[in-house]
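Take a look at the structure below.
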Amino acid sequence: MIQKYKAFLKTVEYGSFTKAAQALNYTQSGVSRMINDLEREWELSLFVRNRGSLHVTEEGKALIPHLQRICHEEEKLFVSFLYSYHNHY
């Protein structure tokens, strides 16, 4: 699930599925699929898609700080675990 959140946040940051995919080393279709999965799971639209443009919906904007916090906490957990693991073994 975290990867989907990161894909959403990168897409917001870059305003493009293609640029988000490049930043995450995914395919454009992979990022698009992750966004579509989130929209289906949450039963809402995260983006308004127009020919050549992509805009975050109000629902998507409301989720940004929450997903940023979740991703940040996941990174802290990972770094903390690695630090602890490497210092004990």
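Residue numbers run from 1 in the order of the sequence given.
- Looking at residues two or more places apart in sequence or on another chain, you find a side-chain hydrogen bond (donor to acceptor under 3.5 Å, both in side chains) between Glu74 and Lys6.
- Take Gln22 and apply the side-chain hydrogen bond (donor to acceptor under 3.5 Å, both in side chains) test, not counting sequence neighbours, and it matches no residue.
- Residue Tyr26 holds its OH atom at 14.5 Å from OG of Ser32, rounded to the nearest 0.5 Å.
- Across Ala20 and Ala7, no two heavy atoms sit closer than the pair CB-O, 4.5 Å.
- Under 3.5 Å, the side chains of His72 and Arg69 contain no donor-acceptor pair of N or O atoms.
- Taking OG1 of Thr11 as the reference point, atom CD1 of Ile35 lies at 4.5 Å (rounded to 0.5 Å).
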Distance-only donor-acceptor hits, side chain of residues 12-19, under 3.5 Å, sequence neighbours excluded:
{"residue": "Glu13", "atom": "OE1", "partner": "Lys10", "partner atom": "NZ", "Å": "3.2"}
{"residue": "Ser16", "atom": "OG", "partner": "Thr18", "partner atom": "N", "Å": "3.2"}
{"residue": "Ser16", "atom": "OG", "partner": "Lys19", "partner atom": "N", "Å": "3.0"}

Could you pull out all donor-acceptor pairs under 3.5 Å where a side-chain atom in residues 46-54 meets a protein atom, sequence neighbours excluded?
{"residue": "Arg49", "atom": "NH1", "partner": "Glu39", "partner atom": "OE2", "Å": "3.2"}
{"residue": "Arg49", "atom": "NH1", "partner": "Phe47", "partner atom": "O", "Å": "3.3"}
{"residue": "Arg49", "atom": "NH2", "partner": "Asn36", "partner atom": "OD1", "Å": "3.4"}
{"residue": "Arg49", "atom": "NH2", "partner": "Glu39", "partner atom": "OE1", "Å": "3.0"}
{"residue": "Arg49", "atom": "NH2", "partner": "Glu39", "partner atom": "OE2", "Å": "3.4"}

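- Leu9 contributes atom CG, which lies 9.5 Å from atom CG of Leu63 (distance to the nearest 0.5 angstrom).
- In this structure, the ring pair (Phe, Tyr, Trp, His ring centres under 6.0 Å) partners of Tyr5, at least two apart in sequence or on a different chain, are Trp42.
- Partners of Glu41 under the side chain to side chain contact (heavy atoms under 4.5 Å, CB included) rule, at least two apart in sequence or in another chain, are Met1, Lys4, Asp37, Leu38.
- We find the CD-CD1 distance between Glu73 and Ile70 to be 9.5 Å, quoted to the nearest 0.5 Å.
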